[in-house]
Amino acid sequence: MPDIKLVVGCGYLGHRVARRWLEAGHTVYATTRSESRTAQFRAEGLRPLVLDVTQPATLAPLPAAHTVLYAVGFDRQGEATRWQVQVEGLRAVLDALPKSTGRIVYLSSTAVYGRADGAWVDEDSPCRPDRQSGRIVLAAEEVLRRHALSDRTVILRLAGLYGPGRLPKMADVLAGKPLVVPASAYVNLIYVDDAVSAVLAAESRATAPRTYNVADGHPVARREFYRALATRLGRPAVEFAEPTAEQAAEVRGGDKRVSNRRMREELGIALICPTYREGLDRVAIQPLR
């Protein structure tokens with residue numbers, strides 16, 4: 001049966017989820033802060049809602065949806081702070097949702113775990129974020145857990161999201177710039193189409209409330225990844241530099257290996273890109289945009 005869906009934050013990932021829901025015959029509302037995007041959304045079959053999560057007065061009325069995806073990212077070019085967008089904005093949206101709202105899927109980040117010196121982490125590992133972004137996302141998770149709608153919430157902690165038009169440090173690799181990357185440090189990744197599958201599975205297969213890591217489960221040495229990226233882009237071999245003492249905390253802050261066992265076993269996702277190699281191959285045959 002067709003359902004009503006609401007995508008709050010219809011960006012790189014949210015827009016792809018919205019299109020999948022449309023293809024399945026659902027009614028999909030998509031939020032935007034820009035009036036200029038409403039025509040595009042309507043042309044695609046979406047029902048646009050112009051709102052700003054940092055302005056509660058713009059949030060009413062929100063539709064009574066069977067599923068809500070909260071995928072609001074932080075815009076570094078905007079005037080609002082990260083806290084206002086990701087914590088206060090989330091709280092305002094939750095308060096504005098009808099009590100009849102069904103499943104809520106919230107996009108979090110594996111940044112909540114902080115630095116682990118290369119150790120494996122899973123959903124039961126302690127969260128000790130060492131950077132502001134991780135601390136704020138963890139605070140947003142706590143908002144969800146304490147809210148009256150918490151019993152219908154699934155939290156997805158995304159690893160580094162990549163895909164067409166979104167590759168880590170692509171501009172620097174294309175420009176031939178030396179990369180400040182430790183000789184021993186891991187990066188955890190998830191291809192965008194696999195992240196979409198995780199959202200759809202969280203909607204239909206998860207028992208709320210529940211938290212899942214969304215990663216390909218094959219962390220790779222950062223330098224290895226950038227060497228492979230340069231090869232795929234047809235660029236010369238990347239030059240690396242060890243971080244200075246001042247840079248070390250930032251560039252090593254995410255050094256951990258993220259387990260996706262719960263996601264695989266409970267959500268039953270068969271990854272399109274089980275490692276970064278398949279992901280880079282897929283990006284290479286698609287136009288970067």
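Each residue takes its place number in the sequence, starting with 1.
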Could you check Tyr191, Tyr162, Phe225 and say which one makes a ring pair (Phe, Tyr, Trp, His ring centres under 6.0 Å) with Tyr276?
Phe225

Within-4.5 Å side-chain heavy-atom neighbours: Leu97 and Leu6:
yes

Is Val137 reachable from Leu161 through a run of I, L, V, M, F, W or Y residues, each pair having side-chain heavy atoms under 4.5 Å apart?
no

Could you tell me whether the side chains of Glu278 and Thr275 share a donor-acceptor contact shorter than 3.5 Å?
yes

Evaluate side-chain contact (heavy atoms from CB on, under 4.5 Å) for Tyr212 paired with Val154, printing each intermediate quantity in order.
CA-CA 8 Å; Tyr212 296 92; Val154 176; 3.8 Å; yes

With heavy-atom distances below 4.5 Å as the criterion, would you say the side chains of Phe240 and Tyr226 are in contact?
yes

Checking side chain to side chain donor-acceptor pair (under 3.5 Å) between Arg33 and each of Thr58, Asp75, Thr54, which is the one that passes?
Asp75

For the side chain of Asp130 and the backbone of Gly114, is there at least one donor-acceptor N/O pair under 3.5 Å apart?
no

Just by distance, do the side chain of Arg16 and the backbone of Asp193 share a donor-acceptor pair under 3.5 Å?
no

Does one side chain, of Ser34 or Ser36, offer a donor that lies under 3.5 Å from an acceptor on the other?
yes

Between Arg210 and Glu266, is the salt bridge (charged side-chain N to carboxylate O under 4.0 Å, His left out) condition met? List the steps.
CA-CA 10 Å; Arg210 196 65 162 152; Glu266 296 187 13; 2.6 Å; yes

Stepwise, does the salt bridge (charged side-chain N to carboxylate O under 4.0 Å, His left out) test hold for Glu35 with Arg42?
CA-CA 12 Å; Glu35 287 279 0; Arg42 288 196 183 95; over 6 Å; no

For residues Cys10 and Tyr29, determine if any side-chain heavy atom of one lies less than 4.5 Å from a side-chain heavy atom of the other.
no

Using side-chain heavy atoms (C-beta onward) and a distance below 4.5 Å, is Asp281 in contact with Arg232?
yes

Please check: side-chain N/O of Arg282 versus main-chain N/O of Arg277, any donor-acceptor pairing under 3.5 Å?
no

Checking Thr31 side chain against Gly9 main chain: does a donor-acceptor pair fall under 3.5 Å?
yes

Side-chain contact test, heavy atoms from C-beta onward, threshold under 4.5 Å: evaluate it for Arg157 versus Thr211 and give yes or no.
yes

Decide salt bridge (charged side-chain N to carboxylate O under 4.0 Å, His left out) for Arg145 and Glu141; before the verdict, give the C-alpha distance in whole Å, the side-chain angles of both, and the deciding distance to 0.1 Å.
CA-CA 6 Å; Arg145 293 190 180 97; Glu141 287 190 7; 3.0 Å; yes

For Leu49 and Pro63 the tightest heavy-atom approach is CD1-CD, 3.8 Å

Backbone N or O of Asp3 within a donor-acceptor pair of the His26 side chain at under 3.5 Å?
yes

Leu271 with Val17, same ILVMFWY side-chain cluster at under 4.5 Å
yes

If only atom types and distance count, is the side chain of Arg128 paired as donor or acceptor with the main-chain N or O of Val112 below 3.5 Å?
no

Do Leu13 and Leu158 make a side-chain contact, defined as non-hydrogen atoms from C-beta onward lying under 4.5 Å apart?
yes

Treat each ILVMFWY residue as a node, draw an edge where side-chain heavy atoms are under 4.5 Å apart, and state whether Leu94 and Ile155 are in one component.
yes

Looking only at atom types and distance, does a side-chain atom of Asn260 sit under 3.5 Å from a main-chain N or O of Ala215, one as donor and one as acceptor?
yes

Classify the side-chain pair Asn188/Tyr113 by whether it contains a donor and acceptor separated by less than 3.5 Å.
no

Any side-chain to backbone donor/acceptor pair from Asp194 onto Ser197? Under 3.5 Å, distance only.
no

Out of curiosity, Glu123 CD to Met263 CE, how far, rounded to the nearest 0.5 Å?
9.5 Å

Calculate, to the nearest 0.5 Å, the distance between atoms NZ and NZ belonging to Lys169 and Lys177 respectively.
10.0 Å

Less than 4.5 Å apart, side chain to side chain, heavy atoms only: is that true for Arg235 and Leu174?
yes

Steps toward side-chain contact (heavy atoms from CB on, under 4.5 Å) verdict (Arg91, Asp95)
CA-CA 6 Å; Arg91 182 183 291 111; Asp95 289 344; 3.9 Å; yes

Are Val68 and Val72 co-members of a hydrophobic cluster defined by side-chain heavy atoms under 4.5 Å apart?
yes

Does the ring centre of Tyr186 sit less than 6.0 Å away from the ring centre of His218?
no

Arg223 to Pro182 - nearest heavy-atom pair and separation:
NE-O, 3.4 Å

side-chain contact (heavy atoms from CB on, under 4.5 Å) evaluation trace for Val28 with Arg47:
CA-CA 6 Å; Val28 184; Arg47 300 191 181 190; over 6 Å; no

Residue pair Asp216 / Pro274, side-chain heavy-atom distance below 4.5 Å:
no

Using every non-hydrogen atom in the two residues, find where Val121 and Lys256 come nearest and quote the distance to one decimal.
CG2-CD, 4.1 Å

Worked verdict on Leu69 versus Val8 for side-chain contact (heavy atoms from CB on, under 4.5 Å)
CA-CA 6 Å; Leu69 171 63; Val8 183; over 6 Å; no

Going hydrophobic residue to hydrophobic residue with side-chain gaps under 4.5 angstrom, can you get from Leu62 over to Val7?
no

Minimum-distance pair of heavy atoms, taken over all atoms of Leu229 and Pro168
CD2-O, 3.4 Å

Is there a donor-acceptor pair closer than 3.5 Å between any side-chain N or O of Gln86 and the backbone N or O of Gly73?
no

Would you please say whether a donor-acceptor pair under 3.5 Å links the side chains of His66 and Glu203?
no

Does Asp255 reach the main-chain N or O of Arg115 with its side chain, forming a donor-acceptor pair under 3.5 Å?
no

